[in-house]
Amino acid sequence: MAAGVLLKEGVVVKAERNKTIDISVDEGRQYLDKCVEVKGETGEDRIKDKIILGDTFEVLSRLKGKFIDLLIVDPPYNLDKDFHGNKFKKTSDETYEEYTEKWIQAVIPLLKDTASVYVCCDWVSSTPIASILKKYFNIQNRITWQREKGRGAVSNWKNGMEDIWFATVSKKYTFNIEDVKMRRRVVAPYRVDGKPKDWEETESGNYRNTYPSNFWDDISIPYWSMPENTAHPTQKPEKLLAKIILASSNEGDMVFDPFMGSGSTAVTAKKLGRHFSGIEQNEQYCVWAGKRLEMADEDNTIQGYADGVFWERNTRPQRKKKQ
Ligand SMILES: C[S@@+](CC[C@H](N)C(=O)[O-])C[C@H]1O[C@@H](n2cnc3c(N)ncnc32)[C@H](O)[C@@H]1O
């Protein structure tokens, strides 16, 4: 039985602490009604702060204007995957490269000259994606996210990481390094004249705020007791998106996600005072994204990010709700 569910009088019910968002399309019809469909040429105004329901390849070709400051892409990886009825089939590297090039060519006309682009992948899709990205963009870095739960394998090393490629349209781009500092515990507190040297002494422990590297080992995948969790099979954590959004956009910028899933990019952008838009073809996921966007009106906290810094995994600062 899945974590967070119980068997009660022969019926499977959610445990009390299980916060997973899994309402049906019928239960969440009001969220679907708020989505937009793009049938003809459409500018930024109609899609700003909205979820677009549709096929990304059709929708992108109908959007007009250079309005994207930050593009975050979490496409289907090159794996057999069932996205609640929409099946993605594993293919050759060459065919996956063609698929990648198709969405990149469709989105390029919408990017501002100062835009940044982040693309998520596993180790298999990382190489084909990078080879296409370098044809169109300036690759700035490759981030490795250490997922704490690896995907099991008996005849190979367990897959415990994902890559996130960071690229830019030009050499002029936003990068707010001060906004993405990490709060690390100080193991060996060094003092000069009895005073902490480059660290802070607090009631809850000794900490130092440091600049982040391209190896991210402080982010958990969403799980059943977290308010952000949905039943989407490949949901990204808000903490991961918050790092990207804070570093590579400013308040009021437009953050766009062409494979939006359960809305993690949109929700995090909203919580951080950015505009958002994104495309998702599955009605079920649009409903969950809509529900999360509504929840963000009441609660703009991001687990693992508080007081302007990112906290180490499993250190839990006080959650402060929206004023
Ligand atoms: C890897 S998931 C993204 C998950 C997302 N980052 C999240 O946190 O929930 C990819 C998503 O792209 C959607 N998708 C795949 N092909 C699509 C297409 N042609 N148009 C629109 N959405 C598509 C799938 O339904 C799936 O939800």
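Residues: numbered from 1 along the sequence shown. Note: hydrogens, waters and symmetry copies are ignored here, and every other heavy atom, side chains too, is used. Whatever order the structure lists ligands and atoms in, that order sets their numbers, starting from 1. Values in this document were obtained by computation on a predicted structure and should not be read as measured data.
- Using a non-hydrogen distance threshold of 4.0 Å, N86 does not register as a contact of ligand 1.
- For atom 19 (N) of ligand 1, the nearest non-hydrogen atom of the protein is D55 OD1, 3.2 Å.
- Interface of Q235 with ligand 1, defined as ligand atoms under 4.0 Å from a residue heavy atom, comprises 7 (C), 8 (O), 9 (O).
- C120 does not count as a contact of ligand 1, since none of its heavy atoms falls under 4.0 Å from the ligand.
- Exactly one of I72, L240, V180 qualifies for a side-chain contact (heavy atoms from CB on, under 4.5 Å) with I245. That residue is I72.
- Summary of contacts: the protein heavy atom closest to atom 22 (N) of ligand 1 is Q281 N, 3.3 Å.
- Y285 and F83 have perpendicular rings, their planes meeting at more than 60° on a 0 to 90° scale where under 30° would count as parallel.
- In terms of protein heavy-atom proximity, atom 12 (O) of ligand 1 is nearest to F259 CB, 3.4 Å.
- Ligand 1 has no nitrogen or oxygen under 3.5 angstrom from a nitrogen or oxygen of T234.
- Between S24 and D26, the side chains place no donor N or O within less than 3.5 Å of an acceptor N or O (distance only, hydrogens not considered).
- Side chain to side chain, R184 and T210 fail the donor-acceptor criterion of an N or O pair below 3.5 Å.
- Using 4.0 Å as the threshold, P233 has no heavy atom nearer than that to any atom of ligand 1.
- When the options G278, C286, S264 are ranked by their closest heavy atom to atom 8 (O) of ligand 1, first place goes to S264.
- Atom numbering of ligand 1 starts at 1 in the shown order; those under 4.0 Å from a heavy atom of S262 are 7 (C), 8 (O), 9 (O).
- Stacking of K181 on the aromatic ring of Y211 is recorded, both the 6.0 Å distance cut-off and the 45° axial limit being met.
- Closest heavy-atom approach to atom 25 (O) of ligand 1 within the set R292, E280, H84: this belongs to E280.
- Ion pairing between D55 and K102 fails under the 4.0 Å rule for side-chain N and carboxylate O.
- Ion pairing between R292 and E238 holds under the 4.0 Å rule for side-chain N and carboxylate O.
- The pair E27-K291 does not count as a salt bridge, with every side-chain nitrogen at least 4.0 angstrom from each carboxylate oxygen.
- Listed by number with element, the atoms of ligand 1 under 4.0 angstrom from any heavy atom of Y285 are 25 (O), 27 (O).
- Of all atoms in ligand 1, numbered sequentially from 1 with element shown, those under 4.0 Å from a heavy atom of M260 are 5 (C), 7 (C), 9 (O).
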